[in-house]
Protein chains: 2
Amino acid sequence: MDAAILDAIASPRRREILRLVWNEEQTAGAIHRAMPDVTFGAVSLQLRSLVQSGLLEARAEQRNRFYKARREALGPVAEMLERMWDDALWKLKLAAELEQTRRGPAPRKRRGRKRKS
Amino acid sequence: MDAAILDAIASPRRREILRLVWNEEQTAGAIHRAMPDVTFGAVSLQLRSLVQSGLLEARAEQRNRFYKARREALGPVAEMLERMWDDALWKLKLAAELEQTRRGPAPRKRRGRKRKS
DNA sequence: CCATTGATTGAGTTTAAACTAAAATATCAG
DNA sequence: CTGATATTTTAGTTTAAACTCAATCAATGG
């Protein structure tokens with residue numbers, strides 16, 4: 001309802017999530033798998049922030065947590081997003097943007113040992 | 001054109017500016033006078049960023065610089081903004097938000113001296 | 001119970017955004 | 001030229017966003 005919405009959709013990452021769960025619910029894991037350039041933790045944090053600002057709803061089922069967009073909460077913004085996603089131009093721009101927008105902590109120091117695997 | 005638009009409108013400050021110059025051009029000074037809680041410099045920087053992302057156009061006339069929104073550049077976003085501004089609910093939210101969103105450097109230390117060059 | 005899988009949480013790091021204050025630039029007036 | 005007015009620019013500061021890594025929690029299956 002408030003303008004936290006605009007903040008939410010300003011982030012390419014959150015927009016990507018929003019799109020993934022726009023038409024059908026997805027588990028946190030599935031969402032993470034769709035964006036392998038960040039950790040599961042990072043995704044979880046964004047999911048939390050989206051839920052907190054009312055843009056997603058979460059449903060727990062067994063080990064999984066399903067997330068889904070609350071389109072009603074987006075008001076005029078929902079329409080705008082859909083139009084953006086339908087627009088081929090925007091699509092290209094977005095791809096380029098995600099590539100470039102990676103700021104965060106910058107991959108540096110190696111510290112944690114034992115990544116195991 | 002790109003999604004810098006979403007970034008631009010995510011900021012309450014930039015949204016405020018955008019609205020001020022939506023229907024008629026305004027000088028930088030007038031814009032600043034409309035938001036006395038920040039310095040002229042801060043306003044000027046935002047104006048610059050808005051021009052750079054193509055959302056405003058600037059015109060110089062004598063000592064003054066007139067700014068005006070480039071609505072065409074906003075695409076689907078323009079419509080959304082207008083609807084937001086027409087919506088009484090949003091109006092209230094925004095007021096509250098501007099009050100609260102003041103982050104920036106927090107007024108503190110005194111330092112800078114002698115710019116010299 | 002123990003290991004595994006799915007997800008959240010917490011602590012710490014890096015970076016960029018949004019400011020401020022002061023200096024610089026530009027235009028005009030006398 | 002000097003000074004005033006309008007605006008931009010530069011440099012420095014604070015804060016929050018977006019991450020990472022590791023620890024933890026929860027449910028399930030042997």
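Proteins come first, then strands; the chains are lettered A, B, ... in the order of their sequence lines, and each starts at number 1.
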Student: Using a 4.0 Å heavy-atom cut-off, does A:S49 contact any base of the nucleic acid, only the sugar-phosphate backbone, or nothing at all?
Tutor: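 Here A:S49 touches no strand at all.
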Student: Counting the atoms with a prime plus P, OP1 and OP2 as sugar-phosphate, which does B:Y67 contact under 4.0 Å by heavy atoms, base, sugar-phosphate, or nothing?
Tutor: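 Sugar-phosphate, backbone atoms only, no base.
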Student: So A:R33, base contact, sugar-phosphate only, or nothing? Heavy-atom distance under 4.0 Å.
Tutor: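 Result for A:R33 = nothing.
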Student: With a 4.5 Å limit on heavy-atom distance, are the side chains of B:E61 and B:T27 in contact?
Tutor: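 A side-chain contact under 4.5 Å is absent here.
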Student: Please give, in whole Å, the distance from D:dT7 P to B:M35 CE?
Tutor: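 Computing the B:M35:CE to D:dT7:P distance gives 14 Å.
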Student: Tell me whether the OP1 or OP2 atom of D:dC21 has a side-chain N or O from A:T39 closer than 4.0 Å.
Tutor: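 It does not, given that no N or O in the side chain of A:T39 lies less than 4.0 Å from OP1 or OP2 of D:dC21.
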Student: Is A:R48 close enough to C:dT8 that one of its side-chain N or O atoms is under 4.0 Å from OP1 or OP2 there?
Tutor: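 So the side chain of A:R48 is outside the cut-off, no N or O lying under 4.0 Å from OP1 or OP2 of C:dT8.
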Student: Parallel, tilted or perpendicular: which fits the ring planes of A:W22 and A:W85, with parallel below 30° and perpendicular above 60°?
Tutor: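 Perpendicular, since the angle between the ring planes exceeds 60°.
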Student: Taking atom C1' of C:dT5 as reference, at what distance in whole Å does atom NE2 of A:H32 sit?
Tutor: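 So the two atoms are 14 Å apart, to the nearest Å.
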Student: Drop me the distance from A:K68's NZ to A:R59's CZ, to the nearest 0.5 angstrom.
Tutor: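 It is 8.5 Å, given to the nearest 0.5 Å.
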Student: In whole Å, I'd like the distance from the CZ atom of A:F40 to the P atom of D:dA23.
Tutor: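 In whole Å, D:dA23 P and A:F40 CZ are 18 Å from each other.
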Student: What nucleotide among D:dT9, C:dC19, D:dA18 has an atom nearest to a side-chain atom of B:V38?
Tutor: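 Given the options D:dT9, C:dC19, D:dA18, the side chain of B:V38 is closest to C:dC19.
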Student: NA contact type, B:G29, heavy-atom cut-off 4.0 Å: base, sugar-phosphate, or nothing?
Tutor: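 Sugar-phosphate contact only - B:G29 comes under 4.0 Å of backbone atoms but never of a base.
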Student: Any side-chain N or O of A:R65 below 4.0 angstrom from OP1/OP2 of D:dA26?
Tutor: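 For A:R65, the contact criterion (side-chain N or O under 4.0 Å from OP1 or OP2 of D:dA26) is not met.
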Student: If you check the B:A28 side chain, which of D:dC19, C:dT20, D:dT8 turns out closest?
Tutor: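 Output: D:dT8.
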Student: Give a yes/no answer on whether the side chain of B:Q46 brings an N or O atom under 4.0 Å of OP1 or OP2 in C:dC19.
Tutor: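 Answer yes for this pair, as a side-chain N or O of B:Q46 is under 4.0 Å from OP1 or OP2.
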Student: Please write out the pairs of protein N or O atoms and N or O atoms of nucleotides 26-30 of chain C separated by less than 3.5 Å, giving the distance to one decimal.
Tutor:
none

Student: Rounded to the nearest angstrom, tell me the gap between atom CG in A:D37 and atom C1' in D:dA18.
Tutor: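 Nearest whole value for this atom pair: 12 Å.
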Student: Could you tell me if the side chain of B:R48 sits less than 4.5 Å from the side chain of B:V51, heavy atoms only?
Tutor: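 Of all side-chain heavy-atom pairs linking B:R48 with B:V51, none is under 4.5 Å.
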Student: How long is the span from the CD atom in B:Q26 to the CG atom in B:L47, to the nearest 0.5 Å?
Tutor: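 Rounded to the nearest 0.5 Å, the CD-CG separation comes out at 11.0 Å.
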Student: Which heavy atom in A:G54 sits nearest to a heavy atom in A:R70, and how many Å separate them?
Tutor: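 Smallest interatomic distance, heavy atoms only, reads O-NH1, 2.8 Å.
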Student: Using whole Å, report how far CZ of A:R14 lies from P of D:dC19.
Tutor: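 Interatomic distance, CZ of A:R14 to P of D:dC19: 9 Å.
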Student: What is the distance from CZ of A:R15 to C1' of D:dA18, rounded to the nearest Å?
Tutor: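 From A:R15 CZ to D:dA18 C1': 15 Å.
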Student: For B:Q46, enumerate each residue passing the side-chain hydrogen bond (donor to acceptor under 3.5 Å, both in side chains) test, keeping only those at least two apart in sequence or located in another chain.
Tutor: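 side-chain hydrogen bond (donor to acceptor under 3.5 Å, both in side chains) check on B:Q46 returns nothing, list empty.
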Student: Once you round it to whole Å, what is the distance between P of C:dT4 and CG of A:N64?
Tutor: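 Between P of C:dT4 and CG of A:N64: 19 Å.
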Student: Would you mind classifying the nucleic acid contact of A:A42 as base, sugar-phosphate or nothing, using non-hydrogen atoms under 4.0 angstrom?
Tutor: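 A:A42: base contact, heavy atoms under 4.0 Å.
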Student: Would you say B:M80 and A:L6 make side-chain contact, with heavy atoms under 4.5 Å?
Tutor: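 SC-SC contact between B:M80 and A:L6 confirmed.
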Student: Tell me: CD of B:Q26 to P of D:dT7, nearest whole Å?
Tutor: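 Whole-Å distance recorded here is 11 Å.
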